[in-house]
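Down below is the structure, laid out as structure tokens.
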Amino acid sequence: MAKAVAWLASFTSYSSSSSSSPFPRNPMVPVGFSLSLSPRIHTLSSAFRSLSIKPKRPNSSFEVRSVAAPAEDIAGFDEMVSGTERKYYMLGGKGGVGKTSCAASLAVKFANNGHHTLVVSTDPAHSLSDSFAQDLTGGMLVPVEGPDFPLFALEINPDKAREEFRDVTKNNGGTGVKEFMDGMGLGMLVEQLGELKLGELLDTPPPGLDEAIAISKVMQFLESPQYNMFTRIVFDTAPTGHTLRLLSLPDFLDASIGKILKLRQKIASATSAIKSVFGQEETKQNAADKLERLRERMVKVRDLFRDADSTEFVIVTIPTVMAVSESSRLSASLKKENVPVKRLIVNQILPPSVSDCKFCAVKRKDQMRALDVIQSDPELSSLKLIQSPLVDMEIRGVPALKFMGDIVWK
Ligand SMILES: Nc1ncnc2c1ncn2[C@@H]1O[C@H](COP(=O)(O)OP(=O)(O)OP(=O)(O)O)[C@@H](O)[C@H]1O
């Protein structure tokens, strides 16, 4: 028990850095437990070792003896945490750069600073459960154990969400778009609507649609009173390609569905012959209603992504020229779509070499070159640069995420 208390104490935040928290201190956390990690503890492994505890699942026996470099630029966390109005943070970037770790560590930090926080994964390859080392699957709100204030996680199952979407098309007993359009009383217009590519969309959903549907599902959840309490919502989004396609999807869907519904209405009132087709049964109306609701939610997703007052997209990258180039393109696309981007996290930076490890020295030099590329990149140089060190163990579980969060989110 004593060990557990010491362990909790060492990782429990609510340190002085949270002075700008808009919330009162959590009375559940005793005063003596307001400890941050000692500055003498530089690595995740030494943090664990100093407390004589073992991480949940030890990494391989190979241990990189890196010393976490202090972040050189602060993230502006005070600004992120202040205010009780709801804010959304979307973290995105190339696959494997550390989006989930950064998103989960931010969520833990928000919760430890008094915000009711929700962390959502819309990445088809979920890793929130792995990151928190807890089972968060199921597509519903799951409480995360560990932080001081309520933190909940939600992993949207894109297959299930897509099935629901596809069910709309199957409502009329058909499977393809032709049947769907027939069911809507618009069979004869399929040809005319060809250029909208709705058929392709419904029959073979492009990458990005999954995420659009997942996010619209989250929007649907957020409309319910159960979700009112959340003041910070952190999204762990899918890799770059999905995000880019996702951005154009709401507009596309909005236009497509909107056009179809409008067309359907026009024809329904114009010709009695078609009216008789429409008059068949209610299921067609249900399908139309569902489509209309989906369209409305898509519009909300689009607006949410572009609302600079409540939303920010944080790009996560690693210090390689390839990753930086991709981040630059992502930043340009986000800007073009009017999505607010202010911060860039460069994750997994090697510390200055303290040993005679030649490999480490060469690798770090290479990473510094990538950082130089960022400084001279027209898209990225204006962003707030957050340097996140490569720590010497895999980041899993709330204590490890808190350790990372205290380094990254300052
Ligand atoms: N700064 C870091 N130091 C050490 N390990 C890290 C760091 N950041 C991330 N990792 C590790 O790298 C791996 C991948 O991280 P993570 O799952 O966060 O990436 P991701 O970008 O979300 O990946 P994906 O695109 O596959 O979802 C994990 O094992 C994580 O613990």
Side-chain angles (χ1 to χ4, degrees), residues 42-48 55-60 62-72 75 89-109 119-134 136-137 153 155-158 207-208 210-211 214 234-244 246 313-320 322-324 326-327 330 344-351 360 363-364 367 370-371 385-410:
H42 297 297
T43 65
L44 186 52
S45 64
S46 55
F48 278 118
K56 280 209 162 170
R57 198 191 296 157
N59 211 352
S60 70
F62 174 74
E63 187 182 328
V64 183
R65 296 290 304 136
S66 63
V67 176
E72 285 159 26
Y89 287 90
M90 321 228 167
L91 282 88
K94 201 173 156 66
V97 295
K99 293 180 299 294
T100 306
S101 307
C102 291
S105 69
L106 178 61
V108 168
K109 185 128 186 182
V119 57
V120 186
S121 168
T122 55
D123 182 345
H126 294 304
S127 40
L128 273 188
S129 294
D130 291 335
S131 186
F132 281 101
Q134 296 175 29
L136 305 170
T137 55
E155 282 190 344
I156 294 288
N157 181 340
D210 278 1
E211 215 192 343
V234 181
F235 282 92
D236 172 24
T237 69
T240 309
H242 286 250
T243 308
L244 292 180
L246 163 76
F313 195 102
V314 180
I315 300 177
V316 186
T317 193
I318 50 171
T320 67
M322 277 171 79
V324 168
E326 186 171 317
S327 304
L330 173 60
L344 169 71
I345 301 179
V346 185
N347 189 28
Q348 304 186 16
I349 299 181
L350 276 169
C360 306
K363 185 71 194 158
R364 170 149 169 114
Q367 291 192 337
L371 284 180
L385 185 67
I386 305 168
Q387 298 191 31
S388 164
L390 177 73
V391 300
D392 62 350
M393 291 183 74
E394 199 176 12
I395 299 158
R396 288 189 76 245
V398 170
L401 289 167
K402 163 151 172 35
F403 178 88
M404 182 182 193
D406 285 345
I407 297 173
V408 176
W409 305 106
K410 291 198 206 176

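Order of appearance sets the numbers: ligands from 1, and atoms from 1 within every ligand. Model, not experiment: these values are computed from the prediction.
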Quick one: nearest non-hydrogen protein atom to [atom], plus distance?
| atom | result |
| --- | --- |
| atom 3 (N) of ligand 1 | V391 N, 2.9 Å |
| atom 12 (O) of ligand 1 | Q348 NE2, 4.0 Å |
| atom 7 (C) of ligand 1 | I395 CD1, 3.4 Å |
| atom 22 (O) of ligand 1 | T100 OG1, 2.6 Å |
| atom 25 (O) of ligand 1 | K99 NZ, 2.8 Å |
| atom 29 (O) of ligand 1 | E394 OE2, 2.8 Å |
| atom 14 (C) of ligand 1 | G96 O, 4.1 Å |
| atom 27 (O) of ligand 1 | D123 OD2, 3.2 Å |

Donor-acceptor pair, distance only, cut-off 3.5 Å: does the side chain of [X] make one with the backbone of [Y]?
| X | Y | answer |
| --- | --- | --- |
| Q367 | Q348 | yes |
| K99 | K94 | yes |
| Q387 | I349 | no |

For ligand 1, which atoms sit closer than 4.0 Å to a heavy atom of [X]?
| X | result |
| --- | --- |
| N347 | 1 (N), 2 (C), 7 (C), 8 (N), 9 (C) |
| P389 | 1 (N), 2 (C), 3 (N) |
| L390 | 1 (N), 3 (N), 4 (C) |

Is there a side-chain contact between [X] and [Y] in this structure, where contact means two heavy atoms from C-beta onward sitting under 4.5 Å apart?
| X | Y | answer |
| --- | --- | --- |
| V108 | F403 | no |
| Q134 | V398 | yes |
| L91 | D236 | no |

| task | Nearest heavy atom to atom 19 (O) of ligand 1 wins, so pick from G98, A400, G95. | result | G98

| note | Result for side-chain contact (heavy atoms from CB on, under 4.5 Å) between I386 and one of I407, V408, N347 points to V408

| Does the protein place any heavy atom closer than 4.0 Å to atom 9 (C) of ligand 1? | yes

| request: Check whether the side chains of S127 and T100 place a donor and an acceptor atom closer than 3.5 Å, and report yes or no. | output: yes

| request: Kindly give the heavy-atom pair with the smallest separation between S131 and S101, and that separation in Å. | output: OG-CA, 4.3 Å

| field | CA sep, side-chain torsions, deciding dist, call: D130, R396, salt bridge (Lys or Arg N to Asp or Glu O under 4.0 Å) | value | CA-CA 7 Å; D130 291 335; R396 288 189 76 245; 5.2 Å; no

| note | The answer for which part of S101 has a heavy atom under 4.0 Å from ligand 1 is both

| task | Mind checking whether S131 contacts ligand 1 via backbone (N, CA, C, O), side chain (CB onward), both or neither, at a 4.0 Å heavy-atom cut-off? | result | neither

